[in-house]
Amino acid sequence: MRKTVALGVLILAWLAPASFAAGAKSALPVARDLAQEAASSARSGRTLLVLFSQHGCPWCERARREFLLPMSGNAHYRSRVSFVQVDVDSDRALRDFSGQATTHAAFARANGVRLYPTVMLFGPNGERLAEPLAGFTGSDFYGAHLDQRIDAAVGRLGKTP
């Protein structure tokens, strides 16, 4: 019995750092100042990817967990894209691309976001660089659709996809 408990403690101690590291990046950065974030992205030759997400939306969580978080941790994507999240049901303060004060919810409405998750890619002045990716119908083709939009956006910035 004592050996079993000791083995269990040893396994937990071994797994704890991996669990902590995996949980350390469980969300995308929350958008605060889109004008600043887009300008910063453009200075480094990147497009700004905005995930419009709704609290409690299982499809939003899947898109974030299965695609966007892994991409944000991948050097290839980090060199091409900056990632932020807008919470469509939040009154959290936000500066839009023109520097005007708004909220996450108002910004989502102003961009016609009605289906969640929606991913949009923006240039340095807030111009859309690719067709929005609205909804999540499953993981079979979502990554390919996301890559197509990222390639289109990066291409419009003048960087080789």
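This one's a predicted model, so the numbers in the text were calculated from it and none came from an experiment.
Between T102 and L94, some side-chain heavy-atom pair lies under the 4.5 Å cut-off. Proximity of Q85 to L51: side-chain heavy atoms (C-beta onward) are separated by under 4.5 Å at one or more points. Contact check for F67 versus S139: side-chain heavy atoms found under the 4.5 Å cut-off. In this structure, L121 and L48 have side chains that are not in contact, with every pair of non-hydrogen atoms separated by 4.5 Å or more. Between R32 and E37, the closest side-chain pair of non-hydrogen atoms falls below 4.5 Å. Within the 4.5 Å cutoff, the side chain of L157 has no heavy atoms near those of the R80 side chain. Proximity of V154 to R46: side-chain heavy atoms (C-beta onward) are nowhere separated by under 4.5 Å. Using a 4.5 Å cut-off on side-chain heavy atoms (C-beta onward), Y77 and I150 make contact.
In this structure D140 satisfies the side chain to side chain contact (heavy atoms under 4.5 Å, CB included) test with no other residue, sequence neighbours excluded. Qualifying side-chain hydrogen bond (donor to acceptor under 3.5 Å, both in side chains) partners for Y142, counting only residues two or more places apart in sequence or in other chains: none. Under the rule for a side chain to side chain contact (heavy atoms under 4.5 Å, CB included), the partners of H145 that lie at least two apart in sequence or sit in another chain are L133, F141, Q148, R149. Taking the salt bridge (charged side-chain N to carboxylate O under 4.0 Å, His left out) definition, one finds that R64 meets it with E61, sequence neighbours left out. Every side-chain hydrogen bond (donor to acceptor under 3.5 Å, both in side chains) that S41 has, sequence neighbours left out, goes to S82. Legend: residues meeting side chain to side chain contact (heavy atoms under 4.5 Å, CB included) with Q100, ordered by chain and number and at least two apart, are D96, S98. Here F83 pairs with nothing under the ring pair (Phe, Tyr, Trp, His ring centres under 6.0 Å) rule; sequence neighbours left out. N125 meets the side chain to side chain contact (heavy atoms under 4.5 Å, CB included) test with E127; sequence neighbours excluded. Residues satisfying the side-chain hydrogen bond (donor to acceptor under 3.5 Å, both in side chains) test with E66, not counting sequence neighbours, are R62. Not counting sequence neighbours, the partners of R92 by the salt bridge (charged side-chain N to carboxylate O under 4.0 Å, His left out) test are D87.
Under the 3.5 Å distance criterion, the side-chain polar atoms of D89 are matched with a main-chain donor or acceptor of H55.
Atoms CG and OG1, on D91 and T103 in that order, are 5.5 Å from each other to the nearest 0.5 Å. Taking CG from L49 and CZ from F122, the interatomic distance works out to 9.5 Å, rounded to the nearest 0.5 Å.
The minimum heavy-atom distance linking A35 with G99 is given by the pair CB-N, 4.3 Å. In terms of heavy-atom proximity, S53 sits nearest to C60 at OG-CB, 3.3 Å. Nearest heavy atoms, P132 versus T118: CB-CG2, 4.2 Å. The heavy-atom pair separating L129 from R156 by the smallest distance is O-CD, 3.3 Å.
Among residues at least two apart or in separate chains, side chain to side chain donor-acceptor pair (under 3.5 Å) pairs with a member in residues 108-117 are N111-R128.
Residues V119 and V88 do not share a hydrophobic cluster, clusters being chains of Ile/Leu/Val/Met/Phe/Trp/Tyr side chains in contact below 4.5 Å. Follow the hydrophobic side-chain contacts under 4.5 Å out from L69 and you never reach V50; the two are in separate clusters. The hydrophobic clustering, which links ILVMFWY residues whose side-chain heavy atoms are closer than 4.5 Å, places L68 and F52 apart.
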### Task
Given side chain to side chain contact (heavy atoms under 4.5 Å, CB included), test L28 with V84 step by step and report yes or no.
CA-CA 6 Å; L28 294 174; V84 295; over 6 Å; no
